[in-house]
Every structure is written in C-alpha cells, then in structure tokens.
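As the structure lists them, so they are numbered: ligands from 1, and atoms in each ligand from 1.
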Amino acid sequence: MSNSSCLAIVLAAGLGTRMRSTLPKVMHEIGGLPLVGHVLNSVVGAGADKVAVVVGPEMPKLEEHILSHVPHASCHVQVDRLGTAHAVKAAETAYRDTSDHVLVLCGDAPLITAETLHRLRKRLSGGADVVVLGFEAANPFGYGRLLENDGELVAIREEKDASDDERSVNLCNSGIMAFTGKVLPELIAEIRNDNAKGEYYLTDAVEVARSKGMRVVSELADEKEVQGINNRAQLASCEAVFQQAQRETFMENGVTLQAPETVYFSYDTEIGPDVVVEPNVVFGPGVKVDGAARIRAFSHLEKAHVSSDAMVGPYSRLRPGAEIGEGAHVGNFVEIKNAQVEAGAKVNHLSYIGDARIGEKSNIGAGTITCNYDGYLKHHTDIGAGSFVGSNSVLVAPLKLGDGAFVAAGSVVTADVPENALAISRSQQVNKEGRATLMRKKLSAAKALRKG
Ligand code: UD1
Ligand code: CA
C-alpha cells in the first residue's frame, strides 16, 4: 500500500444553517483548529498524496485555510448543492487522473483518525472496489442505513427513502467511503437523483457497483470517531470527545494531570514526560512544554515554549512568543509576551513583561512593568544576566540593563543602566522627626470640633 497513490476528496460545501453562523460550517473550531483542518490532518496522515476539497461559492477564508494547511490541496467550487455524489463530481478534475485509492470524507466529521482511513485503504489493496465506513448508532435517526444480505453490503438507504423495516437497522453510514480510482468515475456517472430528496446520493454508488459485479465491503468504526457536526451542541460534544482523547494521550505519555477534566488542550499542544499540570489550565495553539516543567493552576498559555524544570503559575498568562528558560519561574498574575525569560530567572508576582529579554538568573521584583508601547511603536527591553529589578519598577523601552545591574524599587527607568550599576529613579525620602505625633493631634482636634 505504501507505494499506491491516494486522492482524498473532502466535502465541505455545506453552509451549516443550523450553526446560525456567518462562518462556513467547517471553519468552526475544535481544539483551536477548524473542523476541516482536522480532516486534512487525518487524510495526510493516511498517506493521501493528493487532496481535493469541495467548497461552496464565496468561501475565501475557507480556501485560504485549506491552502495554508495543505499547500498542495486543490479547492473545487460546487455551485448548486445537488447532493454528495454531485459534490464529488465537482472535484472531477482531481479524480480524472486516476489515483490507486480515493477516499471521500465529510469536512464536518473531524474526529476520524488516520488509522481508520488506513484500514479502508487496506481493504482496497486487498481487492475491494468500494469500502463503506459504518458504525453502530445509538440513535440511527437521520443516517443512511447499511443494508446487508448474508453478511454482504448490498445498499445504503437514506432515512427519507427507507421502509419501516430498513429504519429499524442500527448499522449506519458514517459518510466516509473509499473507492479504487479506476471505478469511481463510472460510478459517479451512473448515479441518478431518483429519490425522496431529488439529490445525487454518493451512497447509491453501493448499488451501482454491485450491479456491475464489483466488490463492495464495509468496515466498522466507533460512533465517537465518526460523529458529525450540524449544530453548536454537536460542536461542543465533539470538543469534549477531542479533549478527553488528548488528556488520555498525554497521561499515557507520562504527563501528570491532577484534574484532567479541567485542562484544555489544542490540537498541536506538545508536552514532555514528567510535566505536572495542575487544575484549570488552558493550552491555546502553539504551546510546547518540555520535560519536568510544572504548570500550576489557572494558567493560560498560547504560542509559548516552557523549558524543562521551569515553573509557570498559578495564574500566569503566557502570550505568543513567551520563551521560558530552564528552571525559570513565572508566578502569579504575571503576563509574558514576546519575551525570553532565560534559565533560572524569576518573575514571580504581578508583572507585565513584553518585547524583552531577561538574562539568566535575574530577579524581577513584584509589580515590574516593561513599557514596550508608546501608542505607535513597540520597543525592546534587554535585561542582562544576574540583574535585580526592585519591586514596582517601570522599565521604559527601548532600554538596556547590563549584566548584574540593580534597579532600586519604585524606579521609573528611562536610560540604559551599565553593568553592575545601581539605578535609582524616584524622589528622595525625607524624614521629619516627631511630625507624625503633631499631625495626629491636629487631626483628632479637627474631628472633635466637627462632632461637637
Ligand atoms: C450523509 C449520507 C448518509 C450518512 C451521513 C453521515 C448521503 C446521501 N448520505 O447524509 O448516508 O449517514 O452523511 O453523516 O451521502 N455536501 C456537499 N454538497 C452537497 C451535499 C453535501 O458538499 O451537495 C457535503 C456536506 O457539506 C457534508 C457532507 O457532504 O459535509 C454530507 O452531506 P449532508 O447533507 O450532511 O448529508 P447527510 O444527509 O448527513
Ligand atoms: Ca450531515
């Protein structure tokens, strides 16, 4: 199979009216990735060397997403939606140059795995002409039913066309089918629209193929893996299945999740072994956490890298470009954006660090802020290794603190600080002996006067 060519046709022209959205249905996200992106990942994982996506007219964002995700994909516009076989026909230019295998999938069923698609391809390699992926439905209403005779698949009957007997069948069509490339064009050409909906049903390919003496078989999948999305509730239930699968995978790979059901991952989260993730943590897209780091409760991370043995949180926010070095600490109510916190450095309390570098083993005091933005441009702050920035300091960028620099607490630093220098930038303190006692007397007399 490894040297057989494979075309995947993904049907994604649906508007998804029940989503009540201005987005094409397949652009809604699961784990931070559009539904169609999940399907594209699986077909590429299953070895599809050609990918064709059938889209609706005027869906520029969808086409853009498809091409950025799989640059060699082609998009085919289906103008009138006349059924699933008609949708496949829209990709005729893709299947005309025959591939050995053709997989047809729906863009709104995102949880299909590459392994299952491999199984379909294996059946084709083993001599089947058409393979239908079926599942046992808890509630079959609305699905096409797989009709078998002596264990052989003879037809797929859509809900609207089914007899009462046929409706009692629980074995359903997932919507995913596989064909050998040489039979697909003639099957599509012979499908008619003589059914209750007046549509060209791809599912009729089963009966057409049987009438031509072709080998038609079915494979089974778990309902969870083939569930499709037509409304927001189904979107949420797919998200839940996806999150649960991610949690299980990470735990299998040696990650401790103290309260797995409260941790949310993205499709591309990478976490090394012996990382501990405390409750209520959200991983947005683009996060990598290296081995033995600890992500403490209520932290939110996106497009960030946490090196091994580092500690983040509780209540930390890592935004795009946050790079946390080995053994570094980022603590409560600290926001880091586009900044490197180098090995062993600490930013533990109530800080904003943006467009900056904090050198190795530096200590940034509570409430320190880098002023990176003047309303027009962003500027960089560079803090050398082994520096100490006192609490509540304001570092006005562009700014450079040399290695070993020391900033006195409460300073507003606007000029560079040389290596090992001390910067103090605040008004001088004056102590007036006994003045507090005098003030108290004066104020209590004033209060007594007002009461009297
Ligand atoms: C389809 C199957 C049904 C199966 C079910 C699984 C057919 C005739 N029926 O029914 O057997 O149980 O999926 O969910 O295939 N699409 C287009 N253009 C069209 C029509 C559909 O691109 O003209 C796309 C849709 O966007 C969707 C997919 O094809 O991604 C399936 O179409 P849909 O109308 O949802 O089919 P179902 O009635 O659910
Ligand atoms: Ca559907």
Side-chain angles (χ1 to χ4, degrees), residues 8-19 21 23-28 34-36 38-40 43 52-57 59 62-63 66 75-92 94 103-112 130 132-147 153 155-162 166-167 169-179 187-188 191-208 218 220-221 223-231 234-235 237-238:
I9 301 176
V10 179
L11 308 184
L15 287 173
T17 45
R18 284 166 63 204
M19 298 296 281
S21 174
L23 283 179
K25 177 161 72 170
V26 298
M27 284 301 284
H28 289 269
L35 304 180
V36 68
H38 288 269
V39 177
L40 293 173
V43 300
V53 187
V54 178
V55 301
M59 294 183 174
L62 172 56
E63 293 195 31
I66 292 162
C75 293
H76 306 263
V77 178
Q78 183 196 24
V79 179
D80 301 309
R81 298 188 63 225
L82 304 180
T84 44
H86 182 259
V88 169
K89 195 158 194 291
E92 196 172 1
L103 300 170
V104 180
L105 304 94
C106 301
D108 61 356
L111 302 178
I112 184 72
V130 179
V132 175
L133 185 64
F135 67 102
E136 286 287 344
N139 172 11
F141 179 79
Y143 289 113
R145 310 299 206 283
L146 301 196
L147 306 182
L153 180 61
I156 303 177
R157 193 77 71 236
E158 292 305 303
E159 175 84 28
K160 284 200 171 158
D161 303 295
E166 290 168 343
R167 283 201 183 108
V169 171
N170 282 329
L171 186 59
C172 292
N173 174 25
S174 68
I176 296 172
M177 295 174 79
F179 303 86
L187 294 181
I188 295 294
I191 290 173
R192 304 275 164 262
N193 61 347
D194 48 358
N195 50 56
K197 278 174 137 181
E199 285 189 358
Y200 297 89
Y201 290 162
L202 182 62
T203 45
D204 285 352
V206 169
E207 277 166 293
V208 176
S218 62
L220 282 186
E223 181 163 14
K224 270 190 193 155
E225 188 186 339
V226 294
Q227 73 189 94
I229 293 171
N230 294 321
N231 57 40
Q234 289 168 339
L235 181 67
S237 85
C238 265

Q) Going by distance only, is there an N or O of Gly142 that falls short of 3.5 Å from an N or O of ligand 1? A) no

Q | Region of Leu82 that comes within reach of ligand 1 [heavy atoms, distance under 4.0 Å] | A | backbone

Q.
Can you confirm, on distance only, whether ligand 1 has an N/O atom lying under 3.5 Å from any N/O atom belonging to Glu158?
A. yes

Q. Distance-only, no hydrogens or angles: does the Asp161 side chain make a donor-acceptor pair with backbone N or O of Ala196 under 3.5 Å?
A. yes

Q) Numbering the atoms of ligand 1 from 1, which are under 4.0 Å from a heavy atom of Ala87? A) 17 (C), 18 (N), 22 (O)

**Q.** Under 4.0 Å to a heavy atom of Thr84 - the qualifying atoms of ligand 1, by number
**A.** 7 (C), 8 (C), 15 (O), 20 (C), 21 (C), 29 (O), 31 (C), 32 (O)

(Q) For His76, give me all partners under ring pair (Phe, Tyr, Trp, His ring centres under 6.0 Å), at least two apart in sequence or on another chain. (A) none

Q: Would you indicate which of Val36, Asp108, Leu105 comes nearest to atom 27 (C) of ligand 1 when only heavy atoms are counted?
A: Asp108

Q) Can you tell if the side chain of Arg167 reaches within under 4.5 Å of the side chain of Arg145, non-hydrogen atoms only? A) yes

Q) If you measure from CG on Leu15 to OG on Ser21, what distance do you get to the nearest 0.5 Å? A) 10.0 Å

Q | Contact check, His86 vs ligand 1, heavy-atom distance below 4.0 Å | A | no

**Q.** Tyr143 N/O to ligand 1 N/O under 3.5 Å
**A.** no

(Q) Going by the closest heavy atom to atom 34 (O) of ligand 1, which one wins out of Met177, Arg81, His76? (A) Arg81

Q | Working for side chain to side chain contact (heavy atoms under 4.5 Å, CB included), residues Asp108 and Val39 | A | CA-CA 8 Å; Asp108 61 356; Val39 177; over 6 Å; no

Q. Backbone N or O of Ile229 within a donor-acceptor pair of the Lys25 side chain at under 3.5 Å?
A. yes

Q. Would you say Asp80's side chain and Leu82's backbone share a donor-acceptor pair under 3.5 angstrom?
A. no

Q. What part of Ser174 sits under 4.0 Å from ligand 1 if we count only heavy atoms: the side chain, the backbone, both or neither?
A. backbone

Q) If only atom types and distance count, is the side chain of Asn195 paired as donor or acceptor with the main-chain N or O of Glu199 below 3.5 Å? A) yes

Q: Mind checking whether Glu199 contacts ligand 1 via backbone (N, CA, C, O), side chain (CB onward), both or neither, at a 4.0 Å heavy-atom cut-off?
A: neither

Q: Compute the shortest N/O to N/O distance between Asn173 and ligand 1 and return yes if it is under 3.5 Å, no if not.
A: yes

Q: Ignoring angles and geometry beyond distance, decide whether Ala13 reaches within less than 3.5 Å of ligand 1 through its nitrogen or oxygen atoms.
A: yes

Q | Contacts of Glu225 that satisfy side chain to side chain donor-acceptor pair (under 3.5 Å) - sequence neighbours left out | A | Thr113, Thr116

Q.
Checking the N or O distance criterion of under 3.5 Å, is ligand 1 in contact with Gly144?
A. yes

Q | Numbered atoms and elements of ligand 1 in range of Gly14, under 4.0 angstrom, heavy atoms | A | 26 (O)

Q: Can you figure out which of Glu159, Lys197, Lys160 has its heavy atom closest to atom 38 (O) of ligand 1?
A: Lys197

**Q.** Electrostatic pair Lys197:Glu159 at N-O distance under 4.0 angstrom
**A.** no

Q) Mind checking whether Gly83 has a heavy atom under 4.0 Å from ligand 1? A) yes

Q: Might you point out which heavy atoms bring Ala137 and Glu223 nearest each other, and give the distance in Å?
A: CA-OE1, 3.5 Å

